[in-house]
Q: 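Please read through the structure below; I'll follow up with questions.
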There are 2 protein chains.
Amino acid sequence: MDVQRLELLRELAERGSVTAVALATHRTPSAVSQQLKVLEREAGLPLTERSGRGLVLTDAGRALAASATDIAVALERATAVWDTFRNTATGDVSLVTFPTAGQMLLPGVLQDLASHEGLTVHCTDMDPDLSDFPALTSDYDIVLAHSMRGQLTWGGRGLTSVPLMTEPLDVGLPADHRLAGRVSLGAGDVVGETWIGVPVDYAFERVLHDIELQTGSRARITQRFADIRLIESFIMAGLGIALVPRYTSSGNQPGRMVLKPLRGLDSERQIVALMRPDRAERLAVRTVVDALRARAAQVQAEHAAAAG
Amino acid sequence: MDVQRLELLRELAERGSVTAVALATHRTPSAVSQQLKVLEREAGLPLTERSGRGLVLTDAGRALAASATDIAVALERATAVWDTFRNTATGDVSLVTFPTAGQMLLPGVLQDLASHEGLTVHCTDMDPDLSDFPALTSDYDIVLAHSMRGQLTWGGRGLTSVPLMTEPLDVGLPADHRLAGRVSLGAGDVVGETWIGVPVDYAFERVLHDIELQTGSRARITQRFADIRLIESFIMAGLGIALVPRYTSSGNQPGRMVLKPLRGLDSERQIVALMRPDRAERLAVRTVVDALRARAAQVQAEHAAAAG
DNA sequence: ACATCCATGAAGCCAGCCTACATAGTCACT
DNA sequence: AGTGACTATGTAGGCTGGCTTCATGGATGT
């Protein structure tokens, strides 16, 4: 009963094809195929079966892959033990973020982690919503993901999820807008405005939907952008209003743009760190996550202080 | 980070010497030493240190050995998964028992397990109290142990313990004894008798101690035997009375011996199956333990019916 | 001081896992 | 229907890594 082989089976469960597993583990497909065959012979029952030109796991295969995860967790916990004894979080940690969260958190996090000799964090950004967050955990140690409240798409898949912060979505207005003097806005105040939206199927869309549901009117959306800077430039040009994540935006720009909270709506997003459970056990990974949490708390505190 | 090596470290933690580990794992001491050295180099910190001509684990070594157990548990759980899918508990299970429990349970258990093709149970007996029950778990899958209530010497050591039954300790009397007509006996009734005891430091001794404590008198013990049959033969010969485990003894022998419960005393022993946690996960082992539990319950039920 | 018991080092053997290459089945597109 | 791309999987051979054997050195006890 070999751990390496079980690991291969788990990779197969996640990635779905022998070739993908081979790519990910720096081996040839032949090697993977051979090892799986050995495992199957040891098990004494079929773990995979062909389906078209690929192959899929049997029930037994899936069950075994699941317990392989437990083994991986125990293993990583063991290495975390000696990392703790050396008191050094070392190694490489890969992280993928969506742009806004990265801009808000990562510079500070990397500065905070600079003191950790031997700990290298590799960061990449990837468009949100276009990418399947859970799937990314196969290729990155940490995936910064966001979700609107209530839609807990992950966690069910056996992934570890650490909440970092909840960020309110405000309404961004030009500074000379007729509503710019208000403290907060309700759905009725804003539904008639010209909106700058996000691409269809982006998560923010739901808040606009809620506004429409609450008022019974349709919002007029003329532009759709993914990039927050682009949206803000349109707001400041007086071309419309938009939902803007409070901490991520450039904030109130005196004379150009103001942010107003939405009331009576569930208008905030959860930002979480998403990980495969075994990866989450690594001391280096936990160290980075802790830094993320600290930084997120700091950002929230700063904004609370500024508002109060 | 290799599982095999961690396993070796765990064996070292249990057995205390490289040579012992080598013996147990069918390797040469040199091989063990080399592997431990590799592990140490990987860990980047000392896991063992010399002490006299042997060596002992450092704190880090012990911690790592402990997490090695978690890995072993996860691993055995994985093999249990596929055993479950094959629906066959196969392989060899080794068991060591003290004589009385073995006589009471094992014949029935082995009969019950005869239907399991490919499951072989190797049984051995060993003198109780003389042997250190927890230590035996290194060499046997299942250790049948007994303890008096309140003395939970094991469990603390990270061992898995499954209770099988609690067996009352009765007083065995010759059939023509003056107390033979009584339903039950108190400490005062029996303390003045001539006793046949067990070797000093046997667990039963505690009940006699309690009797002495309760009455303030000393019991007169003239013979000390470990073997229950021998004790019974002395009772029937009218040479004294003794504590007799109710289910294990030959029971009431019309015209020769009667058993009377002790009241007002905590006079019973716990019979448990003691296992290393990883071994306990094996389906074959669990199957045997289940059979033991069933048999034990049956024995208790039969006696309850006979008494009622 | 000697015998003994321990851990460990060096040299060499061998199994197991990998790569490279070749084969066979499945699918999509013409 | 045929061709090409893509899938998994066999076969042959090389290389790494863990084992054994033999030898060394320190610690203990008589």
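It should be emphasised that the depicted structure is a prediction, and the values quoted were computed from it without experimental measurement. All heavy atoms count here, side chains included; hydrogens, waters and symmetry mates do not. To find a chain, count down the sequence lines: A is the first, B the second, and so on, and within it residues start at 1.
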Q: Do the side-chain N and O atoms of A:Thr100 and A:Arg269 include a donor-acceptor pair separated by under 3.5 angstrom?
A: yes
Q: Once you round it to whole Å, what is the distance between P of D:dT9 and CG of A:Leu36?
A: 8 Å
Q: Counting distance only, does the side-chain N/O of A:Arg282 pair as donor-acceptor with the main-chain N or O of A:Arg77 below 3.5 Å?
A: no
Q: If a protein heavy atom is under 4.0 Å from the base, mark B; if only from the sugar-phosphate, S; if neither, -; do that for nucleotides 22-30 of chain C going 5' to 3'.
A: ---BBS---
Q: Side chain of B:Arg62, backbone of B:Leu57: donor and acceptor closer than 3.5 Å?
A: yes
Q: Side-chain donor-acceptor pair under 3.5 Å between B:Ser147 and B:Gln270, yes or no?
A: no
Q: For residues A:Arg86 and B:Leu45, report the shortest heavy-atom separation together with the two atoms involved.
A: CG-CD2, 3.1 Å
Q: Would you confirm whether B:Arg5, through its side chain, and B:Val38, through its main-chain N or O, come within 3.5 Å as a donor-acceptor pair?
A: no
Q: Between the protein and nucleotides 13-19 of chain C, list every N/O to N/O distance that falls short of 3.5 Å.
A:
residue, atom, partner, partner atom, Å
C:dC17, OP1, A:Arg5, NH1, 3.3
C:dC18, OP1, A:Arg27, NH1, 2.4
C:dC18, OP2, A:Gln35, NE2, 3.3
C:dT19, OP2, A:Thr28, N, 2.8
C:dT19, OP2, A:Thr28, OG1, 2.8
C:dT19, O4, A:Gln34, NE2, 3.4

Q: Taking CD from B:Glu49 and C1' from D:dG26, how many angstroms apart are they, rounded to a whole number?
A: 16 Å
Q: Give a yes or no answer on whether the side chain of A:Glu40 reaches the backbone of A:Leu47 with a donor-acceptor pair at less than 3.5 Å.
A: yes
Q: Respond yes when some side-chain nitrogen or oxygen of A:Lys37 is under 4.0 Å from OP1 or OP2 of D:dG10, and no when none is.
A: yes
Q: A:Arg41 side chain to A:Leu36 main-chain N or O, any donor-acceptor pair under 3.5 Å?
A: no
Q: To the nearest angstrom, how far is B:Leu39 atom CG from D:dG18 atom P?
A: 11 Å
